[in-house]
Asks: 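The following block contains the structure, expressed as structure tokens.
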Amino acid sequence: MNNTLEIRWHGRGGQGAKTAALLLADVAFMTGKNVQGFPEYGPERMGAPITAFNRISQDPIRVHSNIYEPDFVAVVDETLLASVNVTDGLSEQGAIIINTPKSAEEVRGQLRGYQGKVITIDARGISEHTLGKNFPNTPMLAAVVAVTGVMKKDDFFKQMKDSFAHKFAKKPQVIDGNMKALEMAYMVAEKAI
Amino acid sequence: MSVTSIRERMSGNEAVAEAIRQVNPDVMPAFPITPSTEIPQMVSSFIAGGKIDTEFIPVESEHSAMSAAIGSEAAGARTMTATSSAGLALMWEELLLAASNRLPIVLTLVNRTLSGPININCDHSDGMGARDTGWIQIYAENNQEAYDNYIQAFPIAEDKRVHLPVMICQDGFITSHAVENILLLPDEQVKEFVGTYEPEEYLLQPGKPIAVGPYSISAYAMEAKKAQAVAMENAREVIKEVADRFAQMSGRQYGFFESYRLEDAEYVMLIMGSAAGTAKQAVDELRESGVKAGVLKLRVFRPFPEKEIAEALKNAKAVAIMDRVESYNGNCGPLGSEVTAGLFRNKVFIDTVCYTYGLAGRDFTTDNVKEIFGELQGLVCEGKQVPHNRYIGLRTREEQ
């Protein structure tokens, strides 16, 4: 699976880590890739730690197991750093992307000795600023695309615009806010790489 | 014939719902149960949105779902339902009646473990438990196969030589909830392939009264059961014919099983469902390091293709037979027993090891596959003792 990009998402039930993984699969599919996006279901309840996974490849994807040695990890809820070993198996050549207002230096101490890149993004702040509510998914998705380089920036924004236009056909007023959230997050992540 | 495909991405449940939309069956009685709930949910949306005119019957249990399916199919309506795990268990009595009454119902089973302990994740205990109910059973590796198998189910079930119900199985969550690429067929091609259901005999036919499911005295009941067994035999050629016709339309050829790098394989893993993809990936990696490994991915479990399996395995040195179910019989799982019996009767005397894996959603990885091939090699090359019945992926007390 040398040509396959593997990403693991950590979140809490109800925060949309699964949705983010499915969204990433969606946009990668739109740009011509073979994709996989799937959640791991534990005890399903709001607030419980959950994981979701992505495989993205030029080749057909056949493996149907969870991901133990991801290239990238995305953490949607920083309180998980205290209870879940989020960097377990994570490639030192890869990176971890964490939703937090703190700096990378401030959170590195919680990463159990991980030596690779740490990228922090205030997805909550961006979401509240652009959408008026805490929807960390959208900014996290943009950050993951920026950091992994899984697709070209222009392709990503074009696909997301189409996707939002479709998804929010009945409330077009939220499209601009969502696009802005993507742009802000992408910019922050791009700079941090 | 040129092949038209629509490139899409969707989950296994969405893929089956899409196939149902294209087939537009007459009746769907269903009761929701995880992880198959999305299927009746999506079909209900199609009906509400006017995309199909299927009659949806919201029943109060799976026992009623299968009872209603029997009634509507007997009345002459093309009928299907969906379920998982305990839902299939609650249908038990009716599963046998559907087959005995020779009703070509299609059931899409999203495999989930049977309790207990209570758990919502995948294994094959539900489907394997229904292995002797007289249903044809076809298993899928991924969303594409779930979709393709579903479309083939109706022409197989409704063929005059068969007239048996068909269970189309896919792995709960692993396939049902994973979004992956898929190639869909145009609506009109699917409709033409499946055709219009024209049962020869049915209840709502004025002037041609029949009885469905009457008491059968001992002078006839045994013959009825034998006739049902003959129908299951006949299903072999029909499954092949339908697969060939499907290949012409889709470009995707199916058989009783897929032979992956089997031609010169010394060591083989025989496996069913989503884990077959993981096994193929591991086999490619093993081949790079010189191990002659292969995979036999079983697609059709009922009728059981014992001769073909024996033929495919006759040049191998050892085979790992993988059961995603515990049979609690002190011997091995259903695939283990049936494959080894088939090998023996066809005089293929190779080493076999039966493995139990992936119970209640336990993950199955390429490392597990490699470990198993390592054990097969140790058995053959170094004469290492390997128990005939093994678990893989079991955690030790320390790991827990």
Side-chain angles (χ1 to χ4, degrees), chain A residues 1-4 6-9 13 17-45 48 50-70 85 88-89 141 150-151 159 162-163 166, chain B residues 7-14 34-35 112 117-122 140-145 170-183 258 260 271 273-285 288 295 297 324 357-358 360-369 393:
Chain A
M1 287 183 295
N2 302 331
N3 306 318
T4 304
E6 296 187 310
I7 302 168
R8 186 173 67 213
W9 296 78
K18 175 200 161 189
T19 310
L22 297 188
L23 269 174
L24 180 62
D26 235 37
V27 281
F29 166 82
M30 299 287 200
T31 55
K33 298 277 182 18
N34 288 294
V35 298
Q36 224 178 37
F38 59 102
E40 183 184 34
Y41 286 91
E44 272 183 273
R45 59 174 192 265
I50 68 131
T51 42
F53 306 92
N54 282 120
R55 287 190 177 91
I56 298 168
S57 178
Q58 292 293 352
D59 306 319
I61 300 165
R62 298 176 298 183
V63 172
H64 282 109
S65 61
N66 294 342
I67 292 167
Y68 299 94
E69 292 174 352
N85 185 6
D88 191 23
L141 175 66
V150 67
M151 69 195 78
Q159 290 305 337
D162 291 350
S163 158
H166 179 71
Chain B
R7 185 178 174 272
E8 257 299 348
R9 80 299 193 192
M10 57 180 63
S11 71
N13 277 347
E14 287 175 301
T34 299
R112 162 185 158 184
I118 189 163
N119 177 286
I120 60 168
N121 293 293
C122 174
E141 177 186 327
N142 50 33
N143 58 349
Q144 182 75 62
E145 294 187 2
Q170 64 169 310
D171 284 352
F173 291 110
I174 305 168
T175 304
S176 69
H177 284 62
V179 170
E180 294 187 288
N181 294 51
I182 189 170
L183 295 172
E258 177 189 346
Y260 187 74
I271 196 162
S274 61
T278 308
K280 286 190 254 180
Q281 177 69 37
V283 157
D284 282 358
E285 293 168 22
E288 276 173 31
V295 175
K297 180 187 81 190
R324 198 163 200 155
Y357 77 102
R362 175 59 44 84
D363 205 11
F364 183 70
T365 64
T366 52
D367 283 348
N368 292 147
V369 178

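Note that these values count all heavy atoms, side chains included, but never hydrogens, waters or copies made by symmetry. Source: prediction; values computed, not measured. By convention in this document, chain letters (A, B, ...) are assigned in the order of the sequence lines, proteins followed by strands, and residues within each chain are numbered from 1.
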Asks: Within the structure provided, determine whether A:Tyr68 and B:Asp363 are in side-chain contact (heavy-atom separation under 4.5 Å).
Replies: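 Counting from C-beta outward, A:Tyr68 and B:Asp363 do come under 4.5 Å.
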Asks: Sequence neighbours excluded, which residues qualify as side chain to side chain donor-acceptor pair (under 3.5 Å) partners of B:Asp284?
Replies: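 Applying side chain to side chain donor-acceptor pair (under 3.5 Å) to B:Asp284 gives A:Arg62, B:Tyr260, B:Arg261.
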Asks: Working to the nearest 0.5 angstrom, can you tell me the gap between A:Gln36 CD and B:Asn143 CG?
Replies: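 These two atoms lie 9.5 Å from each other.
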Asks: What are the two closest non-hydrogen atoms of A:His64 and B:Thr278, and how far apart are they?
Replies: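 A:His64 and B:Thr278 have their closest heavy atoms at N-OG1, 2.9 Å.
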Asks: Enter the distance from A:Ile67:CD1 to B:Thr365:OG1 here, rounded to the nearest 0.5 Å.
Replies: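 Result: 13.0 Å between the selected atoms.
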Asks: At a 4.5 Å cut-off on heavy atoms, which part of A:Asp26 comes close to chain B: side chain, backbone, both, or neither?
Replies: both
Asks: Looking at every non-hydrogen atom in both residues, tell me the closest pair between A:Ser65 and B:Phe364 and how far apart they are.
Replies: CB-O, 3.2 Å
Asks: With rounding to the nearest 0.5 angstrom, report the CZ to CG distance, B:Arg7 to A:Asn34.
Replies: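 Rounded to the nearest 0.5 Å, the CZ-CG separation comes out at 7.0 Å.
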Asks: Heavy atoms, side chains only, cut-off 4.5 Å: are A:Phe29 and B:Asn181 in contact?
Replies: yes
